[in-house]
Amino acid sequence: MGLPDTLQAALRYPGFDVVYEGSMASSIDDGGLEFRGTEATLKINRGGFTVHRESAPAKSNPVLRADSFQDGTISHMQNFFDCIKSAKSPTPQSKPESPQPAPAT
């Protein structure tokens, strides 16, 4: 028996709700993630990220774009294998005070 290719979750927090929906087999938009809010949508994939504002005209979206300049998967996997070899805890790849670029394809 295989894993389902879709996932849905509804989470209730004090003051707001979050709905998560994902497809593990989709290749639309490079199979990335979308975070939808009331004012904008953040789209993230291996090529970078874009922000699309709800109130902006279609020709003005995305209002923000950042492209990846390296493949973050390589350093992530190197850290993973180093931890396997040394039996040490993983080194965090990203900290809030030092954001890392999105992985490239």
Side-chain angles (χ1 to χ4, degrees):
M1 182 173 185
L3 295 173
D5 64 354
T6 59
L7 172 70
Q8 294 177 326
L11 309 165
R12 178 154 285 170
Y13 294 95
F16 67 96
D17 296 335
V18 175
V19 176
Y20 173 81
E21 183 174 345
S23 174
M24 308 309 168
S26 177
S27 62
I28 297 172
D29 288 335
D30 193 26
L33 298 172
E34 286 188 12
F35 296 92
R36 294 178 178 261
T38 56
E39 297 180 24
T41 298
L42 169 63
K43 294 183 175 188
I44 304 171
N45 62 36
R46 292 186 180 272
F49 74 88
T50 56
V51 175
H52 302 259
R53 190 175 307 277
E54 291 291 329
S55 60
K59 64 181 178 172
S60 298
N61 271 316
V63 295
L64 180 63
R65 173 187 303 273
D67 295 325
S68 297
F69 60 90
Q70 66 185 31
D71 186 346
T73 305
I74 294 170
S75 60
H76 176 77
M77 292 305 297
Q78 183 63 55
N79 179 252
F80 173 76
F81 290 127
D82 290 346
C83 291
I84 298 282
K85 290 178 190 175
S86 68
K88 292 183 179 177
S89 296
T91 302
Q93 295 294 311
S94 177
K95 298 175 185 167
E97 57 274 359
S98 62
Q100 300 297 309
T105 55

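- In this structure, CD in E34 is found 4.5 Å from NZ in K43, a value given to the nearest 0.5 Å.
- Residues satisfying the ring pair (Phe, Tyr, Trp, His ring centres under 6.0 Å) criterion with F16, sequence neighbours excluded, are Y13.
- Of all heavy-atom pairs between H52 and N61, the closest is CA-OD1, 3.2 Å.
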Are Q8 and V19 close enough, and set up right, to give a side-chain contact (heavy atoms from CB on, under 4.5 Å), and what steps lead you there?
-> CA-CA 7 Å; Q8 294 177 326; V19 176; over 6 Å; no
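- Going from atom OG1 of T50 over to atom CG of L42 covers 7.0 Å, rounded to the nearest 0.5 Å.
- Remark: T38 engages no residue in a side-chain contact (heavy atoms from CB on, under 4.5 Å) (not counting sequence neighbours).
- Within the structure, the salt bridge (charged side-chain N to carboxylate O under 4.0 Å, His left out) test picks out no pair touching residues 55-66 (sequence neighbours left out).
- A pairwise comparison of heavy atoms in S68 and G48 identifies OG-N, 3.4 Å as the closest pair.
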